[in-house]
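The structure under discussion appears below in the form of structure tokens.
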Amino acid sequence: MDQILDQKKNQPWQAKQSADLYGIERWGNDYFGLSDAGHVTAKTLNTEVALVDIVKGMVDRDLQMPVLLRVENILDAQIQRLSEAFSSAIATASYTQSYRGVYPIKVNQQAQVVEEIADFGKRYHHGLEVGSKPEMIIALSSLEPGRLIICNGYKDEEFIELGLQAIKLGFECFFVIETPSELPIIIERSRALNIRPMIGIRIKMISQVSGHWNSTSGDRSIFGLTATQLIDVVDSLRQEQMLDCLQLMHCHLGSQIPSLEDIRNGVIEASRYYVDLVREGAALTHIDFGGGLAVDYSGIQSEDNHSRNYSLEEYCEILVGTLKQTLDNESVAHPVIVTESGRAVVAYASVLLFNILDTTTFESSGKSLPQADENPLLAKLRNISTHLTTDNIEQSYEQVHLYRNQIRDGFKAGQVDLRCRASAENIFLDVLHNIADALDTMDQIPESMAGLKLSLADIYYGNFSLFQSLPDIWAIDQLFPIMPIHRLDEEPTRQAVIADITCDCDGKIDNFIGLTEPEKTLPLHPLKVGEEYYLGVFLVGAYQETLGDLHNLFGDTNVVSVRLNRDGSFDFVKEILGDTISDVLSYVEYEPKQVELSYRNTAERAVQQGRISVAERQQMIKAFRASMQGYTYYER
Ligand code: PLP
């Protein structure tokens, strides 16, 4: 056993080792890095800023953890990269039309995010995709005329009227027909308002993709028109002398598509539809490939659901090149290429930061020294560690459970006392840790011991709500990169799972990105007395903020937007205070004034019963009121 432990080299830990361990260069997309001082940095504009320095700025401004940090430059940089990658693919392929990106508001509807995209995106003519009337109102108030608005989703008269007025104002606003029943409303309303509509048509894709959101395509997909329905729409428009209004063809294969081959197959199918719709007389000028550009959350560049096996450049090349090939073969003019990338645009810019409040460890307390008259099973337990080798590891694992269970049975039967049982549990944990260390030196972990590491892992209690801030971890087992944002020049010697502060056993994270596949535990540092320990959950800008819920009434977190400057400084550009207790109570229909009144009355009765003085009542009411205005999370 000593030999095994000796194999663990005792070299001073370097920040570079932490970078490899947490994979920051694999998933960080050049937006996150590690400084020699062991700090995670946000990087843009050839400069980098340590996240702990931003946290210090938050603390100085009394912005409590947890905080959702948005780095605005990263949002800008992603729009720039997307547009430039398409421009480059278009130039390389000698494609004759341009690219137009539209951001789907549903991916992150927060005003600060949409406003930044609308503002920075102006130089790339980036538009917005909307799927409901509220999103349409956001688009109309965020963009200026001339920009592209794609209207997906089921549209009633009011929605269509908003879109028609937008066309009159000068927006390029397309109604994408998702079901045949929308067409008569569009025709009727456009005639009534005397505005020529810009119509798109969504095709039902048969090409299936891998990944979590693959039901968006295929025969049973609930989206898009079948070949028969497409022909009906074309015929109806022709009959109404409106076929010239059918200018856009839309398809969306799914979100987070991990395989480039799947994307290529989808584009081939879409291109065929495009050619035939043109032949049917549709005046198509735009093809919209929807979303699907994946984020490599795990950084392993594979076809795994949390990854992608292609780069942004390859994605653009495959869309442009594959489309061009089909169109050129059929002598069909090139349309403007639209994509609705959501997660790839916003995921990188947001990081959830939280502090660790406490830990639970599963280790012996060390109080199990041999005693003269002790139960012989204790000596047997101790002996397992002495004779442990990688050859007898499975047998040792069985034995330690056998002896420990015999002690437990003896305790139940009244033959073993509590002190002996406590010693047995201590030695049991010691042996398991020795076995776990030995496992680290083995190439393959025996199946029976696959759960050992997890059963010994520490629990780190994080000041956040999984349900509020990371709902996809709970709902669909989404993986996000998670790591400490400081102390990375120290070796993380603990293996842990993370629990949130809700009272729910689902409120935990025990699936983390690994080198090739997910790991059940995360290496972390032991807490230091009197020092905060901060973790970051990265790439959380897409879908997490508004899908979250109020479990245990933990509300929205504080949000801080920063902008990095070229000289390495940074500015706090926006802050939003998270929900107060009063806010969350009102969300579930409590009336905060009534809540306080009820408390005042209870305190008044206590005065009448002589339990408290009037002065004490006043103090209590003051504290109650302060609580109502306080943060819903744990405050130091
Ligand atoms: N467009 C449509 C129609 C969608 O349904 C979605 C999401 O599923 C998107 C765009 C955004 O996809 P992504 O976030 O993968 O870019």
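Bear in mind that the values here come from a model prediction, so they are computed numbers and not experimental data. Ligands are counted one by one from 1 in listed order, and the atoms in each one are counted from 1 as well.
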Verify, without hydrogens or angle tests, whether Arg238 (side chain) and Glu280 (backbone) share a donor-acceptor contact under 3.5 angstrom. yes

Donor-acceptor pair, Tyr22 side chain versus Pro481 backbone, under 3.5 Å?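 No, because the side chain of Tyr22 does not come within donor-acceptor range (under 3.5 Å) of the backbone of Pro481.
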
Backbone or side-chain N or O of [X] under 3.5 Å from ligand 1 N or O:
{"X": "Arg343", "result": "yes"}
{"X": "Ala344", "result": "no"}
{"X": "Arg202", "result": "no"}
{"X": "Asn152", "result": "no"}
{"X": "Glu340", "result": "yes"}
{"X": "Tyr543", "result": "yes"}

Does a salt bridge link [X] with [Y], judged by any charged N lying under 4.0 Å from a carboxylate O?
{"X": "Lys574", "Y": "Glu72", "value": "yes"}
{"X": "Arg100", "Y": "Glu172", "value": "no"}
{"X": "Arg202", "Y": "Glu182", "value": "no"}

Heavy-atom contacts with [X] under 4.0 Å: which atoms of ligand 1 show up? List them by number with element.
{"X": "Ser341", "value": "16 (O)"}
{"X": "Gln256", "value": "15 (O)"}
{"X": "Gly292", "value": "12 (O), 13 (P), 15 (O), 16 (O)"}
{"X": "Gly342", "value": "13 (P), 14 (O), 16 (O)"}
{"X": "Lys106", "value": "2 (C), 4 (C), 5 (O), 6 (C), 7 (C)"}

Listed pairs under 3.5 Å, donor-acceptor, residues 315-325 side chains, sequence neighbours left out:
unit_1	atom_1	unit_2	atom_2	d
Thr322	OG1	Ile318	O	2.5
Lys324	NZ	Asp328	OD2	2.7

Residue pairs fulfilling side-chain hydrogen bond (donor to acceptor under 3.5 Å, both in side chains) with at least one residue in residues 161-171, sequence neighbours excluded: Glu161-Arg189

To the nearest 0.5 Å, how far apart are OH in Tyr103 and CD1 in Ile79? 9.5 Å

